[in-house]
Protein chains: 2
Amino acid sequence: MKKSKDENTEEHILEAAKLVFQSKGMDGARMQEIADQAGINKALLHYYFRSKQMLFEAVFNNAFSLLAPQLKAILNDESTIENKIRNFTSNYISFIVKHPYIPNFIIQELNRNPDFLLKMKENPSFPNLDKFKKQLQKEIENGIINPISAEQLFINIMALNVFPFVAKPLLKAFTNTDDKAYNKLMEDREIEIANFIINAIKHT
Amino acid sequence: MKKSKDENTEEHILEAAKLVFQSKGMDGARMQEIADQAGINKALLHYYFRSKQMLFEAVFNNAFSLLAPQLKAILNDESTIENKIRNFTSNYISFIVKHPYIPNFIIQELNRNPDFLLKMKENPSFPNLDKFKKQLQKEIENGIINPISAEQLFINIMALNVFPFVAKPLLKAFTNTDDKAYNKLMEDREIEIANFIINAIKHT
DNA sequence: ATTTAGTTTAACTATTTGGTTAACAAATTT
DNA sequence: AAATTTGTTAACCAAATAGTTAAACTAAAT
């Protein structure tokens, strides 16, 4: 087996493809641009990943497998609902700072092709709400938390965490903030969101 | 001046373009597909709207001018913050049922080209938070509402309302619901969201 | 009825783009 | 070191695509 530049090249390609796909989407991305970005010939893209579709799926799966563990954390650990919420919002914000394009990329491409999810849902490591649901029900019965369905609460948590990054340009305009001020808002949200959610659901 | 089919054709084109652009995005849309959808020849698209870009902008501006009034309603009317929140969530959900593709379309295309907003912000009818901010501050001073910045509250309201429609495929998978069950969740949110937000901010 | 302005089409063009080929280069095996 | 396998490139190809052209058609105005 040869390598020398082998693994290195594959990594370069994936990194370049990630950059291009995540900023332009599947339809907007050009194989030539990815090749240029990776500093190689276009034919080499097809040597490593047969087609644009396959290269795209490699990038997409990479992105998704970074996001999934974040969700499993909140759904499957043993701490209280309140602590889960605090941990999740805190973890998620720092995750996003490292990978700012991921949420929008995933959401956009899943809207373009919802079938991606069919395969993924069969993977046993795909996040599910079962445990979260039971735990929430127990805390509601114990009077710690006001009645709310696990689905609604989960959607709310995701919405409050993810949306500000997905809709950044729009929200920047509406709140009339520049990049710096908007990032400051995002930092503040790490605590704000958690308190907001806890207030909303905690029995008083 | 002649018309006969004039306005009619232009309307047909815009309707067809809306359909194609909103489901495939600027890059994924094809002029031929829009022409077919409108039941006309491709050259006619260029006769009415010189280029793909111009046709796209017409569709985009149409979509945006449907969304903007929704926001101005909550930001500039005179009722209490609580009532504004209830009215907005109620209005927004029924708006979305009529125009399900709009939020995702706008968000996606603004991420692709944030410069769109520069022109729009100059329009005096572009929504802004000034009035909402003052009103909120007053209610906080009066002890009706717990301290929160207008920007954060606004982002939270938008997030809770818009995100479930933008991220529908992803959330459908995570909550393990089919289309029917997910739509039921969305109906329930009309009341759920409002209560959730009020609980979170109302002083007790 | 003829002119005129607006509307519509089929056919065409130039360019872009994903993908292929064939030849070359470098490393591994024998 | 000869043969084989793996990695890389330039040149090429066919399909797709945005946009153009020139001619035909329609209906109102003169």
Side-chain angles (χ1 to χ4, degrees), chain A residues 1-63 105 108-109 112-113 115-116, chain B residues 1-63 105 108-109 112-113 115-116:
Chain A
M1 232 178 278
K2 302 292 176 23
K3 13 198 78 168
S4 64
K5 296 174 191 166
D6 178 13
E7 298 176 58
N8 220 315
T9 306
E10 188 163 334
E11 268 311 305
H12 281 351
I13 293 177
L14 276 171
E15 187 57 31
K18 187 185 96 184
L19 231 68
V20 176
F21 276 132
Q22 289 189 2
S23 68
K24 310 218 169 166
M26 169 66 171
D27 292 326
R30 296 290 161 251
M31 293 297 267
Q32 186 60 58
E33 188 178 353
I34 296 172
D36 293 348
Q37 182 73 39
I40 55 158
N41 188 286
K42 186 165 63 88
L44 205 50
L45 293 181
H46 291 90
Y47 177 76
Y48 279 94
F49 304 83
R50 285 188 66 84
S51 66
K52 187 186 185 186
Q53 180 64 25
M54 280 170 161
L55 176 55
F56 174 80
E57 285 180 19
V59 170
F60 185 86
N61 290 333
N62 269 344
F105 175 63
Q108 177 52 26
E109 297 303 328
R112 218 180 47 88
N113 185 3
D115 293 342
F116 273 157
Chain B
M1 233 178 279
K2 301 290 179 16
K3 18 197 76 176
S4 63
K5 296 173 190 168
D6 176 16
E7 299 176 60
N8 220 316
T9 305
E10 188 164 335
E11 267 312 304
H12 281 351
I13 292 176
L14 275 172
E15 188 56 32
K18 188 186 95 184
L19 231 68
V20 175
F21 277 131
Q22 290 189 359
S23 68
K24 311 219 168 163
M26 168 66 170
D27 292 325
R30 298 288 159 251
M31 292 297 266
Q32 186 60 59
E33 189 179 351
I34 295 172
D36 292 348
Q37 181 73 41
I40 55 158
N41 188 286
K42 187 165 64 85
L44 205 50
L45 293 181
H46 290 90
Y47 176 78
Y48 279 95
F49 304 83
R50 283 188 68 79
S51 65
K52 188 186 184 185
Q53 180 64 26
M54 281 170 162
L55 177 54
F56 174 81
E57 285 180 21
V59 170
F60 185 87
N61 290 333
N62 268 343
F105 175 65
Q108 177 52 25
E109 299 302 329
R112 218 179 47 90
N113 185 3
D115 293 344
F116 274 158

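Proteins come first, then strands; the chains are lettered A, B, ... in the order of their sequence lines, and each starts at number 1. When reading the values below, keep in mind they use all heavy atoms of this one structure, side chains included, and skip hydrogens, waters and symmetry mates.
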Exercise for the section: Check ring-ring contact (aromatic ring centres under 6.0 Å, His included) between B:F105 and all other residues, then give those that pass, not counting sequence neighbours. Expected result: B:F56, B:F60

Practice task
Using a 4.0 Å cut-off on protein heavy atoms (strictly under), produce a 5'-to-3' string for nucleotides 11-25 of chain D with B for base contact, S for backbone-only sugar-phosphate contact, and - for none.
Solution key: ------SBBBB----

Problem - Flag side-chain contact, heavy atom, 4.5 Å: A:N8 against A:H12 - result: yes

Handout entry: Which atom of A:Q22 lies closest to which atom of A:A63, heavy atoms considered
Key = NE2-CB, 3.9 Å

Problem - Listed partners of A:D27 passing side-chain contact (heavy atoms from CB on, under 4.5 Å), at least two apart - result: A:R112, B:D27

Fill in the blank from the handout: Residue set satisfying side chain to side chain donor-acceptor pair (under 3.5 Å) with B:D36, at least two apart, ordered chain then number -> B:Q32

Problem - Protein-nucleotide distance (A:M26, atom CE; C:dT17, atom P), rounded to Å - result: 14 Å

Completion exercise
On a heavy-atom basis, the closest approach of B:I13 and B:I34 is O-CG2, 4.4 Å

Practice task
Begin with the C-alpha distance, continue with both residues' side-chain angles, and end with the deciding distance and a verdict on side-chain contact (heavy atoms from CB on, under 4.5 Å) for A:K52 and A:F21.
Solution key: CA-CA 10 Å; A:K52 187 186 185 186; A:F21 276 132; 4.2 Å; yes

Exercise for the section: Estimate the overall bend of the helix from C:dA1-D:dT30 to C:dT30-D:dA1 from the end axes over five pairs each, rounded to 10 degrees. Expected result: 10°

Problem - Pair listing, side chain to side chain donor-acceptor pair (under 3.5 Å) test, anchored in residues 37-47 of chain A, at least two apart - result: none

Exercise for the section: Please determine if a side-chain N or O atom of B:Y48 lies less than 4.0 Å away from the OP1 or OP2 oxygen of C:dG6. Expected result: no

